[in-house]
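So the structure is just underneath, and the comments pick up after that.
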Amino acid sequence: MIYYRFCCVTVLLLTLGCGPTASPNSATVSGVVTLNGASLNSGRIYFNIDNGSAVRSAEIQVDGSYQVVDVPAGMAGVAIMVPPAPSMPSNDPTAPAVTVSSVTPVSIPKKYEKVETSKLTYEIVPGEQTRDIHLQ
């Protein structure tokens with residue numbers, strides 16, 4: 001009986017120590033997002049697989065790079081969202097505090113905010129791949 005409990009506890013502890021693993025039929029997609037040749041400096045990129053069966057996303061870094069992990073294989077529509085530039089802090093002491101970032105987000109055309117209007121599609125295959133995305 002003690003041996004049985006020891007085995008169960010050992011298996012449980014080993015299982016808890018394991019993080020999520022990527023499916024063998026998934027991809028890690030990385031690249032750079034640019035607008036008219038200049039790298040975006042913020043935002044989020046979304047991969048919408050097979051009309052919404054799965055959505056994966058990642059932050060766009062200051063240099064325009066991104067990396068999305070565990071993207072299922074299939075046709076993916078892409079959308080990109082960039083937060084609006086922060087407004088200047090108010091002189092009103094009762095107004096909520098606003099943090100002004102040192103990075104002013106690059107403004108992109110609204111059409112890229114939705115998969116349906118972005119016209120960006122890619123075939124995702126299992127494994128690592130690079131998909132640089134060039135917006136106009």
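Computed from a predicted structure; not experimentally measured. The chain is numbered in sequence order, starting from 1.
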Checklist entry - What pairs meet the side-chain hydrogen bond (donor to acceptor under 3.5 Å, both in side chains) rule with one or both residues in residues 28-54, with sequence neighbours excluded? => result T34-H134, R44-S57, R44-E59

Checklist entry - What is the minimum heavy-atom distance between N25 and P126, and which atoms define it? => result OD1-CG, 3.3 Å

Checklist entry - Listed by chain and number, what are the side chain to side chain donor-acceptor pair (under 3.5 Å) partners of R56, not counting sequence neighbours? => result none

Next on the checklist: Once side chain to side chain contact (heavy atoms under 4.5 Å, CB included) is applied, do any residues pair with E123, and if so which ones, sequence neighbours excluded?
Outcome noted: M75, V125

Checklist entry - Who passes side chain to side chain donor-acceptor pair (under 3.5 Å) against Q129, sequence neighbours left out? => result R131

Checklist outcome for this item: For I49, the other hydrophobic cluster members (4.5 Å side-chain criterion, sorted by chain and number) are V29, V33, L35, L40, I45, F47, I60, Y66, V68, V71, V78, I80, V82, V106, I108, Y112, L120, Y122, I124, I133, L135

Item to check | salt bridge (charged side-chain N to carboxylate O under 4.0 Å, His left out) partners of residues 72-85, not counting sequence neighbours, each pair once | outcome: none

Checklist outcome for this item: residues 29-40 vs salt bridge (charged side-chain N to carboxylate O under 4.0 Å, His left out), sequence neighbours excluded, gives none

Next on the checklist: Which residues pass the salt bridge (Lys or Arg N to Asp or Glu O under 4.0 Å) test with K110, not counting sequence neighbours?
Outcome noted: E113

Item to check | ILVMFWY clustering at 4.5 Å (side-chain atoms), partners of V69 | outcome: none

Checklist entry - Which heavy-atom pair separates P83 from G43 by the least distance, and what is that distance? => result CD-CA, 3.9 Å

